[in-house]
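Step one of this worksheet: look at the structure below.
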Amino acid sequence: MTGKATKEAHEGAAASEAVNDVQTHLSDKEREAIAKLPYEQARDQLIQAVQALEAGGLDLDASMRQWEIGEALAKRAQDLLNQVRNKLDEAQAQQASAGESAGTQSNLE
């Protein structure tokens with residue numbers, strides 16, 4: 001490798017490390033708080049995080065933090081929606097099962 005190529009490779013590696021250092025992470029306490037939010041609050045806070053990102057003006061660290069908050073809130077909201085969907089599916093299955101035996105002798109046993 002020439003001196004110039006070595007220098008460029010070194011600078012590229014340093015830039016890559018800098019990008020990795022910029023990434024922030026939510027604390028366990030913050031993640032636990034998000035995991036306890038009701039759907040409506042998670043949705044509302046997600047909207048606020050998206051609006052903050054769309055508005056711009058945040059430095060890279062603040063943008064990354066908003067992104068991570070948004071990701072955690074979106075996951076929480078989706079998990080809650082999935083729970084509701086599962087409950088609805090179970091209720092529909094029970095209703096269909098009850099409907100199959102309605103008016104039959106097995107329904108009276």
Side-chain angles (χ1 to χ4, degrees):
M1 234 184 221
T2 67
K4 183 178 178 183
T6 303
K7 181 180 176 188
E8 288 173 356
H10 219 4
E11 288 172 355
S16 177
E17 288 175 16
V19 168
N20 289 336
D21 289 342
V22 169
Q23 292 177 353
T24 58
H25 298 286
L26 297 178
S27 69
D28 289 341
K29 185 176 179 180
E30 289 169 315
R31 290 188 186 281
E32 289 171 14
I34 290 172
K36 294 177 183 177
L37 292 176
Y39 173 79
E40 292 78 6
Q41 193 172 354
R43 180 201 59 216
D44 292 346
Q45 289 184 17
L46 174 57
I47 290 168
Q48 291 172 356
V50 169
Q51 288 173 340
L53 286 167
E54 288 176 342
L58 299 174
D59 65 20
L60 184 57
D61 287 334
S63 293
M64 289 297 297
R65 180 163 175 73
Q66 284 299 312
W67 179 267
E68 289 180 357
I69 289 169
E71 287 287 320
L73 291 165
K75 182 182 183 319
R76 173 63 178 160
Q78 189 60 55
D79 288 348
L80 290 168
L81 289 173
N82 290 343
Q83 290 174 17
V84 171
R85 169 51 56 199
N86 290 338
K87 287 180 183 180
L88 288 173
D89 289 346
E90 288 175 19
Q92 287 175 334
Q94 288 177 356
Q95 186 176 17
S97 176
E100 291 172 2
S101 63
T104 65
Q105 186 64 30
S106 65
N107 191 32
L108 301 175
E109 295 173 353

- request: List for me each residue that meets side chain to side chain contact (heavy atoms under 4.5 Å, CB included) alongside E90, sequence neighbours excluded, and say none if there are none.
  value: none
- request: Considering non-hydrogen atoms only, spot the tightest contact between L73 and L46 and give its length.
  value: CD1-N, 3.5 Å
message: Working to the nearest 0.5 angstrom, can you tell me the gap between R31 CZ and I69 CD1?
response: 10.0 Å
field: Linked, directly or transitively: V50 and W67 (ILVMFWY side chains, under 4.5 Å)
entry: no
Least distance between heavy atoms, Q66 atom then A52 atom: OE1-CB, 3.9 Å
task: Mind checking side chain to side chain contact (heavy atoms under 4.5 Å, CB included) for A62 and listing every partner two or more places apart, or none if nothing turns up?
output: L58, D59
- prompt: In chain order, what residues pass the side chain to side chain donor-acceptor pair (under 3.5 Å) check against D89, with sequence neighbours excluded?
  reply: R85
task: Sequence neighbours left out, what passes side chain to side chain contact (heavy atoms under 4.5 Å, CB included) with Q41? Give chain and number order.
output: L37, P38, Q45
- request: Return each pair, listed once, that meets side chain to side chain donor-acceptor pair (under 3.5 Å) where at least one residue sits in residues 71-81; pairs must be two or more places apart or across chains.
  value: K75-D79, Q78-N82
field: L80: hydrophobic cluster co-members (side-chain, 4.5 Å)
entry: Y39, L81
- prompt: Hey, are the side chains of R65 and D61 touching, using non-hydrogen atoms and a 4.5 Å cut-off?
  reply: no
statement: For residues 41-54, the salt bridge (Lys or Arg N to Asp or Glu O under 4.0 Å) pairs (sequence neighbours left out) are none
message: For D28, give me all partners under side chain to side chain contact (heavy atoms under 4.5 Å, CB included), at least two apart in sequence or on another chain.
response: E32
